[in-house]
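Scroll down for the structure; my scribbles are underneath it.
For the numbers below, each heavy atom of this structure counts, side chains included, while hydrogens, waters and symmetry mates do not. In what follows, chains are A, B, ... by sequence order, proteins preceding strands, each numbered from 1.
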Amino acid sequence: MDDFDIRYTALRRAVIENEFARLNDMQRKAVLKTEGPLLLLAGAGSGKTTVLINRIINLLRFGCGYESELAPDWAGDDELELLAKLAADPDALPADEVSRLCAVDPPRPWQIIAITFTNKAAGELRSRLEVACGEAGRDIWAHTFHTACTRILRKHIGRLGYQSAFTIYDDDDKKRMITAILKDFGFDERRFDPKGVMSQISRAKENLMTPEDYGMDAGDDYYKKTVARVYAEYDKRCRAASALDFDDIICKTVELLQTCDDVREEYQRRFRYVLVDEYQDTNHAQYVLCSLLAGGWRNFCVVGDDDQSIYKFRGATIENILEFEHQYPDAQTIRLEQNYRSTGNILAAANHVIACNRGRKGKTLWTENETGEKIFFYQADNQEEEARYIAQTIHRQYSRGEPLKTFTILYRNNALSNFLQTCFIRSGIPFAVVRGRSFLDSMEIRDMRAYLEVIHNPHDSVRLHRIINAPARKIGARTMEIVAELAAREGKSEFEIIREADRYPQLSRASAQLLRFAAMIDGLRDRRETVPLAELYDEMLKESGYLAALEAQGTDEARGRIESIQELKSNIAEYCETAAAVGAEPSLEGFLEELSLISDVDKYDENADVVTMMTMHSAKGLEFPKVFICGAEEGLFPSYRSMESDEEMEEERRLCYVAMTRAKKELYITCSQRRMLYGQTIYGRPSRFIEEIPAELIREERRQEQLYDGYATRTPHRSASRGAEPPRRDVYRTYQAPPSAAPDFRPGMQVEHKAFGRGVVREVTPMGSDMLLNIRFERAGDKLMMAKTAGQFMKKL
DNA sequence: AGAGTGCAGCAACTT
DNA sequence: GCTGCACTCT
């Protein structure tokens, strides 16, 4: 290394560091450390995504050479001079000139793979990369584990003996199949609960255990031996149906890469840089997968936070992150501990809570942000009052000009969103519930998907069973039993038997119906490549008789189902548009794949001005200005299921930490003494997590005595715990009802609501100084709401 | 054999 | 509150 090299590399480093001057020291270090294994311990709100994106930008612009000690061959004194100029003044030359001078062997975009857990995270990464890198951004593989693996499998699954037109089974499909197997084997359903068996099989797959492995492991344990048999049969039937479940998507990819040397080498050569987000949530199979993908170049960057590991129940092992340094002794570890998201108080409270956990890698977040408000805590008498407190707090701030999208309500489980929704509908505050996949899980949408799946892959017997008699076609359980027997005996799929039903005397009774069904599906199949997807869908609705059957019912419920079915068509249109936008051919297969891999969280729209409600799990990776954590009671949060083991309690605490650190400006925690859940009243103490927050960081809110929405509690409450204290001049005490902005509602009046759309006022009932309105909305159905509050979200037409 | 009806049991987090 | 299941009717 001569003097020129030393000067060149030093100047080059200075220039590149200048390019990332906006980052803090640790962030910059993480961006510039491109080669070799890197463990990035990134606390909540520490700018992790920014680092990931800048890391990729750095790779594409400047390549791997930051650590290089040698100047490239083409560099001469002219370049040195230019670099010196640049080092002194970063704006001296245009960006592409800077890249030209500093780039040392940059990767091609397709050599980079960034893996995330949720579609939302992947989508965000992709769109930010496209903004930053333009066209090149599109060629980077920024996907979820499942999408990336599906892409690999579509190409190579033939090597494992599957057809490439495979189908993805979700938990419901899986459960149906396992229930059927248990029944066929004659096992007592009480003893072998399908759900338990399911999770056993999942666990096995997550640990890359085949049915044989599981059987060996079972020893003399009758339960486990039985599960092993069911697992083997399940695997057999999935193969016959050409179906993969969620766990298979990962572990079949691992199997593929492990057994086919050429395929593994292809990807190992290809992926020069492998980045994995949320590494603390990976399970064993995902860990092996990552190791395989990164095994060629070993430029393996994992990002995670042991304190935010909340998917242990799904098989995630925090060990993956804790062991990273042992697995790669040459790994560098960088901690990002400065939080840019939350106020000092919120962060301090969260730090205190998480500090109660043992077995942490240990890090303490700090922030330069302002101290901010204390944590608001409110203990309600019952859940209606709790909901009302939340609604009123939001409404009060809304009347002062705060947009509704500022607020997000988080809860431990979806059941809690019910009473919140009731309250918000009543007060007319627009809201959106982000739920796992409520729309996609409704019966009619499942049926529609099943039709499309069978058109795509007729061997898919689980979906076939679902639709064969929906609508009723006089093909009952007995007939399908015979079909299944014949299929097993002849080594064919059930659909193939149905297609030739007239050849089997056992089926004579139903053969005409079966043949008609097969002809309908085959007819649609023939057109699936030629007819546009949306049209194919329409023809399917018509030819299957599904739509007609619903129309014939004529009930409100049926009308709602028809709406959902039509709604799915907008999903199809949307899919076709996005596919076209990236230059891909829209296909039935592609659409189905998208359906099976998406969830509602992906559709969370941060721009709509509504209050958002979601589970704490869904909130991971998101941030909101003002957050309510509700239902903070022992038994609910932490859940009673987690009380038995320390490990599970620690996971609950991490969940609490995740929830708290979502808040940027204000954090409210509420609980209720009484709660109706699953039809029973339960009494709960405030969550232990609240006690773990130092008292001086908490501001306890009073019970409200003045209510303005017509739903006043019968008796004014006096909080027993604070009886002796002098009454504080609290916002709630002085809070007056907002001036009545409500127009004078009358029955028959046409209105338009911000969230529910157009409707007609059907009934007006005076209640105190307010009015209860009964409005029939065109799309949203009948709603009850109070005029004063709802009026602000509604206008007369 | 299939369709319709009444009743019991159940209810987390996510891809 | 909803779903799956057993039972009865056609």
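- A:T479 comes within 4.0 angstrom of the backbone, heavy atoms only, and of no base.
- Using a 4.0 Å cut-off between a side-chain N of Lys or Arg and a carboxylate O of Asp or Glu, A:D171 and A:K175 do not qualify as a salt bridge.
- Residue A:T615 places at least one side-chain N or O closer than 4.0 Å to OP1 or OP2 of B:dT14.
- For a distance-only test at 3.5 Å, the side chain of A:R412 qualifies as a donor-acceptor partner of the base of B:dA12.
- Rounded to whole Å, atom P of B:dT15 lies 11 Å from atom CD1 of A:I310.
- Positionally, the nearest nucleotide of DNA chain B for A:S639 lies more toward the 5' end than for the other of A:S639 and A:F117.
- Counting any heavy atom pair closer than 4.0 Å across all strands shown, A:D247 reaches no nucleic acid atom.
- Between A:H156 and A:Y267, the distance separating the two ring centers is shorter than 6.0 angstrom.
- Rounded to whole Å, atom P of B:dT14 lies 18 Å from atom CG of A:D245.
- For A:L410 and B:dT14, the CG to P distance is 12 Å, given to the nearest whole Å.
- The listed nucleotides are B:dA1, B:dT15, B:dC13; the one nearest the side chain of A:H617 is B:dC13.
- Screening A:I115, A:L257, A:L289 for a side-chain contact (heavy atoms from CB on, under 4.5 Å) with A:C149, the sole residue that qualifies is A:L289.
- Between A:R654 atom CZ and B:dA12 atom P the separation is 21 Å, expressed in whole Å.
- For B:dT14, one of the phosphate oxygens OP1 or OP2 lies less than 4.0 angstrom from a side-chain nitrogen or oxygen of A:S618.
- Residue A:A510 is out of contact with every strand shown, counting any heavy-atom pair closer than 4.0 Å.
- For B:dA12, the OP1/OP2 oxygens have no side-chain nitrogen or oxygen of A:N414 closer than 4.0 Å.
- Looking at heavy-atom distances under 4.0 Å, A:Y311 makes contact with sugar-phosphate atoms alone, never a base.
- Rounding to whole angstrom units, NZ of residue A:K195 and C1' of B:dA12 are separated by 9 Å.
- For A:K174 and A:D170, the salt-bridge test fails: no basic side-chain N is under 4.0 Å from an acidic carboxylate O.
- Counting only heavy atoms from C-beta on, A:K474 has its side chain closest to B:dG2 among B:dA1, B:dG2, B:dA12.
- Residues A:R509 and A:E651 each lie close to DNA chain B; by heavy-atom proximity, the contact nearer the 5' end of the strand is made by A:R509.
- With rounding to whole Å, A:Q286 atom CD is found 16 Å from B:dT14 atom P.
- With distances taken from any side-chain atom of A:A472 to the nucleotides B:dA12, B:dA3, B:dT14, the minimum falls on B:dA3.
- Of the candidates B:dT15, B:dG2, B:dA12, B:dA12 carries the atom nearest the A:E652 side chain, counting heavy atoms from C-beta on.
- For A:E494 and A:S461, the side-chain atoms include no donor-acceptor pair closer than 3.5 Å.
- Residues A:E648 and A:K312 are not paired through a salt bridge, judged by the lack of any N-O separation under 4.0 Å between the basic side chain and the carboxylate.
- At B:dA3, one or more side-chain N or O atoms of A:N469 fall inside 4.0 Å of OP1 or OP2 (strictly under the cut-off).
- Rounding to whole angstrom units, CE of residue A:M614 and P of B:dA12 are separated by 19 Å.
- Residue A:M443 contributes atom CE, which lies 9 Å from atom P of C:dG4 at whole-angstrom precision.
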